[in-house]
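Okay, so here's the structure we're looking at.
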Amino acid sequence: MDKLVIRGGHRISGSITASGSKNASLPIIAATLLTGQGTFTLHNIPDLKDILTFSQLLHHLGVETSYSGNTLKVSSRNVESLQAPYELVKKMRASIYVLGPLLARFGHARVSLPGGCAFGPRPIDLHLLAMEKLGAKITIETGFIDATAPGGRLRGAHIDFPISSVGATGNAVMAAVLAEGRTTISNAAAEPEIDTLCKFLMAMGATIKGTGTTELEIEGTDSLNAVEFQNVFDRIEAGTLLAAAAITGGDITVNGVEPEQLKAVLKKFVQAGCSVETTLNSVTLKSPRKLLPTDVTAKPYPAFPTDMQAQWIALMTQAEGTSNITDKVYHERFNHIPELNRLGAHIEIRKNQAIVHGPQKLSGTTVMSTDLRASASLVLAGLVAEGTTEVLRVYHLDRGYEKIEVKLNSLGADISREKYNEF
Ligand code: EPZ
């Protein structure tokens with residue numbers, strides 16, 4: 001197993017290009033299941049464990065993929081199985097994304113119920129609601145979702161999501177593009193990753209109106225084509241790299257990312273005293289001498305994203321005062337806090353709010369990753385902690401960050417990746 005050994009106290013400064021978006025890649029790769037006409041060429045796909053896991057799932061279904069230099073080629077010509085088994089689905093919740101495309105193209109899908117995750121139950125009821133609205137008959141037995149489209153084809157419908165869900169919106173759109181007739185979706189997730197998925201589906205020949213908004217209208221079609229497509233950059237990785245500069249008193253330019261996709265986060269960096277300049281596809285951040293305490297409430301897009309909540313908490317341990325960070329998406333997404341407190345932070349948790357008392361001098365020690373963004377927050381804290389911080393179980397980090405220590409070292413950090421055994 002790998003750990004990251006971080007020697008703190010180095011300013012992060014310089015220019016770096018973000019990797020391709022993980023959370024846009026996953027639904028896009030799932031959407032290749034929608035057609036057997038030709039081979040897809042997908043560019044700017046990050047080299048991450050989650051992408052490998054998803055490719056393994058597609059191989060299990062009979063899909064051919066090849067990956068090199070951040071380009072993924074996919075052919076779904078010979079899908080032989082419509083079953084996503086537990087041993088693969090348990091590795092990654094986003095496996096549920098095969099449900100919509102398989103059901104839409106083949107009229108049947110059998111997907112293992114995903115497990116829970118480190119920060120609480122993550123239900124899939126909204127995914128099933130959308131499929132049933134589109135006419136699917138769904139049974140849940142022996143841990144599997146078994147979905148069938150009567151007559152082999154889904155029918156367009158109106159779907160009104162009671163809460164905003166990125167995954168359920170992605171599945172609903174991927175199912176609707178091959179359904180018979182029109183589908184309208186209200187309270188759709190407007191996250192850039194879903195906007196990118198819609199653009200990908202439109203490139204394949206789908207007709208979608210309202211992309212990037214919470215109201216979508218999809219005209220079902222009979223068939224779609226394989227295309228070449230350039231994936232967007234990862235806005236959460238970009239936000240994490242900006243936080244690395246801010247927490248170490250440094251400055252950074254992150255290239256590739258569209259500032260609009262990070263608007264709420266950039267606004268908070270400015271409130272915290274950072275100077276932020278943007279171009280069409282880059283963000284430059286200069287940190288202040290002293291960080292100002294800045295409250296944040298994580299909500300669906302375009303608000304501050306829950307995937308930046310843990311990183312923001314790490315940053316606020318260095319602010320001159322108290323900051324309140326509330327997560328309205330995942331109320332229990334605070335596993336990073338006990339570990340940050342072991343580094344010397346003073347953070348309290350009250351229901352779905354963290355109260356961060358700063359500034360606190362952090363001192364390096366061994367800390368445990370529990371989930372992807374929690375591990376990112378521990379790395380950020382390690383960058384500013386005095387002495388050496390060892391972040392264990394970095395397989396969590398590798399799910400969503402492409403060679404993060406290589407990127408940070410190129411900006412002045414002193415991090416090594418080392419093997420270790422856990423008893
Ligand atoms: C996506 O997860 C992201 N993952 C998550 O990023 C991100 O935190 C989340 O969206 C919110 O932005 C991927 O895109 C692969 P949701 P998803 O459905 O789709 C509730 C990361 O760090 N809900 O938008 O699973 C749910 O419990 C990962 O990269 C239901 O109640 O999230 C949550 O409270 C972590 N029923 C809220 O909706 C459902 O059927 C939002 O979840 C589905 C969700």
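Everything quoted here is computed from the prediction, not taken from an experiment. Each ligand, and each atom within it, is numbered from 1 in the order the structure gives.
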Original post:
Backbone, side chain, both or neither: what part of Pro305 comes under 4.0 angstrom of ligand 1, heavy atoms only?
Top reply: neither

Original post:
Looking only at heavy atoms, is any part of Glu193 under 4.0 Å from ligand 1, and if so is it the side chain, the backbone, or both, or is it neither?
Top reply: neither

Note the single closest protein heavy atom to [atom], along with its residue, its atom name and the distance in Å.
| atom | result |
| --- | --- |
| atom 31 (O) of ligand 1 | Pro123 CG, 3.4 Å |
| atom 36 (N) of ligand 1 | Asp125 OD1, 2.7 Å |
| atom 25 (O) of ligand 1 | Arg122 NH2, 3.1 Å |
| atom 14 (O) of ligand 1 | Asn23 CG, 3.2 Å |
| atom 26 (C) of ligand 1 | Tyr330 CE2, 4.1 Å |
| atom 22 (O) of ligand 1 | Arg373 NE, 2.9 Å |
| atom 20 (C) of ligand 1 | Ile163 CD1, 3.7 Å |
| atom 5 (C) of ligand 1 | Asp307 OD2, 3.7 Å |

**OP:** Quickly, which of Lys22, Lys199, Arg235 forms a salt bridge (charged side-chain N to carboxylate O under 4.0 Å, His left out) with Glu193? Name it, please.
**Re:** Arg235

Please confirm whether [X] approaches ligand 1 to less than 4.0 Å, judged on its heavy atoms.
| X | answer |
| --- | --- |
| Arg399 | no |
| His127 | yes |
| Arg333 | yes |
| Gly170 | no |

Closer than 4.0 Å to some heavy atom of [X] - which atoms of ligand 1 meet that?
| X | answer |
| --- | --- |
| Lys22 | 21 (C), 29 (O) |
| Val329 | 33 (C), 34 (O), 41 (C) |
| Arg93 | 25 (O) |

Is [X] in polar range of ligand 1, meaning some N or O pair under 3.5 Å apart?
| X | answer |
| --- | --- |
| Ala94 | no |
| Thr306 | no |
| Tyr97 | no |
| Val166 | yes |
| Leu372 | no |

Original post:
Is a side-chain donor or acceptor of Lys328 paired with a backbone partner of Pro300 at a separation under 3.5 angstrom?
Top reply: no

Subject >> Under 3.5 Å: donor-acceptor pair, side chain of Asn70, backbone of His43 >> reply: no

Original post:
Stepwise, does the salt bridge (Lys or Arg N to Asp or Glu O under 4.0 Å) test hold for Arg333 with Asp307?
Top reply: CA-CA 10 Å; Arg333 193 178 193 172; Asp307 289 352; 2.8 Å; yes

[Y]/[X] salt bridge by N-O under 4.0 Å criterion:
| X | Y | result |
| --- | --- | --- |
| Glu141 | Arg110 | yes |
| Lys209 | Glu219 | no |
| Lys133 | Asp160 | no |
| Glu405 | Arg417 | yes |
| Arg393 | Asp371 | no |

Are [X] and [Y] close enough that a side-chain donor and a side-chain acceptor fall under 3.5 Å?
| X | Y | value |
| --- | --- | --- |
| Glu228 | Thr41 | no |
| His331 | Gln353 | no |
| Thr253 | Ser15 | no |

**OP:** Go through the steps to decide whether Arg155 and Glu180 satisfy the test salt bridge (Lys or Arg N to Asp or Glu O under 4.0 Å), and finish with yes or no.
**Re:** CA-CA 5 Å; Arg155 287 189 317 281; Glu180 190 169 353; over 6 Å; no

Subject >> Minimum non-hydrogen distance to atom 19 (O) of ligand 1, winning option of Pro27, Ala310, Gly167 >> reply: Gly167

Original post:
Should the pair Phe40 and Phe200 be assigned to parallel (<30°), tilted (30 to 60°) or perpendicular (>60°) ring geometry?
Top reply: tilted

